[in-house]
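Notes for the one structure printed next.
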Protein chains: 2
Amino acid sequence: MPGEIMGRHDFHAAHACSPGSDYMIDRDPSTADERSERVRTLEHKGTPASIRTLTIRDVARLAGVSPITVSRVINHPELVMERTRDAVRLVIDQTGYVPNMLAGALSSARSRLVAAIVPSVTNLIFLETVQALTDRLRGAGYQTFFGFSGYPGTREDELILAALSRRPDGIFLTGVRHARKTRERLLAARVPIVETWDLTKAPLDMLVGFSHERVGAVVATRLLQLGYKRFYVVTADDERALRRRRAFESTLRRHGITDVQAVEVPAPSTFALGREAMAHLLSTGFHSGVIFCSSDTLAHGVLTEAQSRRLAVPGRVSIVGFGDLEYAAHTAPALSTVRIDRVGIGVRAADALLASMSGEPARDKVIDLGFEFVERGTTCQQ
Amino acid sequence: MPGEIMGRHDFHAAHACSPGSDYMIDRDPSTADERSERVRTLEHKGTPASIRTLTIRDVARLAGVSPITVSRVINHPELVMERTRDAVRLVIDQTGYVPNMLAGALSSARSRLVAAIVPSVTNLIFLETVQALTDRLRGAGYQTFFGFSGYPGTREDELILAALSRRPDGIFLTGVRHARKTRERLLAARVPIVETWDLTKAPLDMLVGFSHERVGAVVATRLLQLGYKRFYVVTADDERALRRRRAFESTLRRHGITDVQAVEVPAPSTFALGREAMAHLLSTGFHSGVIFCSSDTLAHGVLTEAQSRRLAVPGRVSIVGFGDLEYAAHTAPALSTVRIDRVGIGVRAADALLASMSGEPARDKVIDLGFEFVERGTTCQQ
DNA sequence: CTGAAAGCGCTAACAC
DNA sequence: GTGTTAGCGCTTTCAG
């Protein structure tokens with residue numbers, strides 16, 4: 001009785017299909033008795049097949065082929081005759097067999113996994129990059145898994161170790177500053193790496209980013225050009241933000257402006273911190289000027305506080321953010337900002353990794369995507 | 001010469017430490033010659049150790065113990081004598097050995113991986129849940145990896161298959177509606193599962209959510225109570241959103257209100273779609289009333305459009321969103337919304353999974369976290 | 001085009 | 001407390 005022979009309900013309790021036809025694979029010339037025997041062999045170390053996860057051998061037996069053929073049907077179907085392929089696929093469908101990629105990866109030394117280290121999911125600025133990256137990689141058959149480095153007490157080295165222990169085929173990093181030990185580990189792993197969101201002269205491998213120094217300098221230069229006289233900074237206590245600030249200030253200094261008041265707030269930036277920072281500026285003598293903020297979120301808070309104090313924007317206060325977040329543009333049309341190609345970073349990084357993982361000799365090891373100063377309501381009226 | 005004996009630079013090119021002392025592990029009573037021999041044994045199938053990733057056996061040899069002892073030092077250090085432990089750890093440190101969890105997982109049938117299927121990273125409403133989930137799981141030694149189901153053309157079944165093929169120890173799902181085949185696969189995997197963000201009478205396993213029907217009903221009831229007479233709906237074309245809408249409308253119907261105009265927009269919700277929806281309402285005769293939107297994002301767009309048309313809020317228009325996004329609260333203080341315990345869902349789901357993965361008999365298979373109608377500027381003045 | 005043999009790197013189970 | 005043996009489930013050779 002075919003149903004019994006195949007132990008259908010043992011393999012996959014919820015599976016239902018009309019009896020008889022399902023397993024009548026024409027490639028399999030064995031008698032019912034032989035197949036019945038095969039099913040008995042599915043018993044394994046005393047564990048009946050019914051409560052064991054199916055393996056490639058189970059599928060192979062049921063399809064009357066060898067395990068390697070099943071493996072080929074899954075990974076290189078073009079190497080297998082159509083007849084055989086269909087037979088195997090039928091069994092896979094009907095048993096609900098799920099390949100074990102842990103075993104596959106171990107055996108082939110290819111995990112089809114890419115590790116992405118990003119500061120946080122909740123920081124909106126990285127969202128589209130993450131999405132673009134995952135999308136693109138998935139299209140090429142890779143899964144992306146994340147490590148979040150932005151929480152206090154999360155050491156990058158630990159994350160990298162955790163990531164490497166899954167033997168990813170590629171690594172995406174946010175930032176270019178890593179502890180020496182981390183760099184060593186990364187290099188020792190001999191895995192394609194793409195650092196992003198910054199530039200450096202000594203990348204670990206590939207690099208897709210933009211210059212934070214140049215951001216600070218460009219914003220300062222442009223604001224001077226627009227005629228602003230009084231400059232302020234509201235910045236999160238974040239490595240890259242501080243480098244933007246430093247470049248901003250030193251550019252101004254080169255133009256004789258040395259009294260740039262700065263408010264530093266703890267990372268991560270929030271709307272509330274922006275409000276507080278503005279309140280602080282006002283309480284310490286702010287009268288008018290342009291405020292360079294380290295993120296749109298902070299800028300949004302600054303703007304809101306300014307408006308709630310009835311300061312004319314941009315008459316009295318002009319505000320520059322960073323990141324060009326969608327929501328900020330909708331919310332605060334009077335906010336200037338620095339636009340980063342967030343999607344581009346994800347796409348380029350994915351492409352770089354994919355090329356490298358497939359053994360291509362990388363053409364551009366370093367891609368500078370630049371940025372754009374988006375002026376909204378920063379005509380100087382002061 | 002010790003440096004040569006240990007082939008330091010072969011193991012870990014960037015590693016630098018004073019020669020001699022490093023590998024002088026007192027547990028290892030072998031002579032220099034013997035160790036030199038061991039290093040030669042690291043050559044493996046013609047591949048010199050120097051360009052091979054270190055394995056547990058390499059560490060074992062260098063520490064003068066057996067592989068299983070190294071394994072224990074890593075996974076169950078309490079089972080190993082302190083002396084031995086230190087010796088092994090020293091070698092691990094100095095060689096930069098990174099355990100291969102692929103192999104470990106295969107062997108122990110525990111991947112220490114949790115798969116999370118969420119609609120998207122870019123949908124702000126899931127962010128905190130995702131963060132809370134990952135945080136909590138990481139604290140317990142689990143890594144979380146994501147599948148994003150929200151993109152058009154992404155079939156949940158494929159994601160589940162991809163996830164299961166990594167043999168996760170637990171699964172986090174967003175939503176309770178799954179294709180029959182998906183349910184079967186999930187059940188067949190015999191893995192702890194927690195469905196979230198909804199309720200159902202037939203959960204696959206564990207469940208942490210709230211009732212979308214009740215959301216619609218509660219909002220409708222409360223708005224009636226406040227005295228509103230004219231009701232509108234702006235909703236994304238999303239399964240759960242549509243169920244909230246249906247409940248909203250049928251509650252109103254029970255109170256004799258049958259003319260609820262609805263604007264349906266394609267998912268995912270955006271600010272721009274909200275504006276368009278409001279424009280559409282206005283062009284089709286909207287005069288005044290309360291608008292129930294399927295998300296804060298949409299509501300924000302609706303609000304902005306209304307304000308740009310100089311409609312008094314809440315005098316002429318009152319708007320109810322969904323989700324209680326931070327940014328919306330800051331941006332649109334006149335927006336009522338439905339607050340979901342987004343962090344709570346992540347935390348409870350993580351706890352449920354952790355309990356189940358550690359073999360505890362779950363106490364609460366189903367947790368209804370409820371929700372809260374947050375009224376901001378919905379005093380009826382119409 | 002298909003198969004047999006031999007591991008991938010680790011750990012469970014059982015000795016000692 | 002530590003070691004030995006025997007796989008986990010798959011894929012890479014290399015035969016045929």
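For clarity, every value in this text was computed on a predicted model and none was experimentally measured.
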Side-chain heavy atoms of B:Met357 within contact of B:Tyr142, under 4.5 Å:
yes
Quick one: A:Ile56 CD1 to C:dG3 P, roughly how many Å, whole number?
12 Å
Measure the distance from CZ on A:Arg110 to P on D:dG9 and round it to the nearest whole Å.
23 Å
Let's go through A:Ile160 and A:His178 carefully: what are the C-alpha distance in whole Å and the side-chain angles of both, what is the deciding distance for side chain to side chain contact (heavy atoms under 4.5 Å, CB included) to 0.1 Å, and is it a yes or a no?
CA-CA 10 Å; A:Ile160 294 287; A:His178 321 288; over 6 Å; no
Quick one: B:Leu102 CG to C:dG7 C1', roughly how many Å, whole number?
15 Å
Quick one: A:Glu82 CD to C:dT2 P, roughly how many Å, whole number?
11 Å
Between D:dG3 and B:Ser66, is there an OP1 or OP2 to side-chain N/O distance shorter than 4.0 Å?
yes
Checking only heavy atoms, does the side chain of B:Thr69 share a donor-acceptor pair with the base of D:dG3 at less than 3.5 Å?
no
Note, A:Tyr97 side chain near A:Asp58 side chain (heavy atom, < 4.5 Å):
no
When you get a sec, tell me which of D:dG9, D:dC10, C:dG3 is the closest nucleotide to the side chain of A:Val65?
C:dG3
Checking C:dC10, D:dC8, D:dC14 against the side chain of A:Arg72 (C-beta onward), the nearest is D:dC14
Quickly work out the B:Leu106 CG to C:dA12 C1' distance and round it to whole Å.
13 Å
Kindly say if B:Thr84 contacts the phosphate of D:dT2, meaning a side-chain N or O under 4.0 Å from OP1 or OP2.
yes
If you measure from CZ on A:Arg112 to CG on A:Asn75, what distance do you get to the nearest 0.5 Å?
8.0 Å
CG of B:Leu79 versus C1' of C:dC14: gap in Å, rounded?
15 Å
So do the side chains of A:Val130 and A:Val121 get within less than 4.5 Å of each other, counting heavy atoms only?
no
Tell me: CZ of B:Arg167 to C1' of C:dC10, nearest whole Å?
17 Å
Can you figure out which of C:dT11, C:dG9, C:dC8 approaches the side chain of B:Ala103 most closely?
C:dG9
By nearest atom, which of the nucleotides D:dG9, C:dT11, C:dA4 is closest to the B:Asn75 side chain?
C:dT11
Rounding to a whole Å, what distance do you find between A:Ile68:CD1 and C:dA6:P?
15 Å
Quick check on C:dG9: is either OP1 or OP2 less than 4.0 Å from any side-chain nitrogen or oxygen of B:Tyr97?
no
